[in-house]
Amino acid sequence: MADRWQCWRCGADLADVPRPYGRYAQCPACRADLHVCLMCKHHDPNKAKHCRELGADEVRDKARANPCEWFEARPGAHTPRSAPSPTCARSELDALFGNSAGADPATPTRATLDDLFGGKA
């Protein structure tokens, strides 16, 4: 939910952590720093220095505590990472290399090599 205060890394509820977050505030669940660019409302990967505030100094590590004076925590900072399923990855590889589903991946390569080097067809 976008209106919940939650850790940017693990998604733990931060309702009991006093705000504004100090430079050394940490998530009680995963111990991630909270005064970080990834937790800030000005963070924008599409902007220069990944920040909407033009006057802000560049921060190289967006996931570590920093002394930025423009920091304003934003609720809903957690973005769950979804891992692609193995079948999805396999189908993308098959589409990329032209293998049909269920076909032996070595067969097209072997035939191509045989054609190239005059082996058995």
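Values below: every heavy atom of this structure, side chains too, minus hydrogens, waters and symmetry copies. Note that the structure is a prediction, hence the values are computed from the model and not measured.
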Point-to-point distance, once rounded to the nearest 0.5 Å, from CG of Leu34 to SG of Cys40: 12.5 Å

Any residue meeting salt bridge (Lys or Arg N to Asp or Glu O under 4.0 Å) with Arg52, in chain and number order, not counting sequence neighbours: Asp44

Spacing of SG belonging to Cys7 relative to NE2 belonging to His78, to within rounding of 0.5 Å: 8.0 Å

Enclosure of Leu54 CG (heavy-atom neighbours >12, cutoff 6.0 Å): no

ring-ring contact (aromatic ring centres under 6.0 Å, His included) contacts touching residues 37-67 (sequence neighbours left out): none

Residue pair Leu38 / Ala63: nearest heavy atoms and the distance that separates them: CD1-CB, 3.9 Å

Taking every non-hydrogen atom, the tightest pair across Trp8 and Val36: NE1-CG2, 3.4 Å

Listed once per pair and sorted, the side-chain hydrogen bond (donor to acceptor under 3.5 Å, both in side chains) pairs that draw on residues 59-70, sequence neighbours left out: none

Pairs involving residues 16-41, ordered by first then second residue, that meet side-chain hydrogen bond (donor to acceptor under 3.5 Å, both in side chains) (sequence neighbours left out): Lys41-Glu72

Residues in side-chain contact (heavy atoms from CB on, under 4.5 Å) contact with Asp57, at least two apart in sequence or another chain: none

Smallest separation among heavy atoms of Ala77 and Met39, with atom names: CB-SD, 3.6 Å

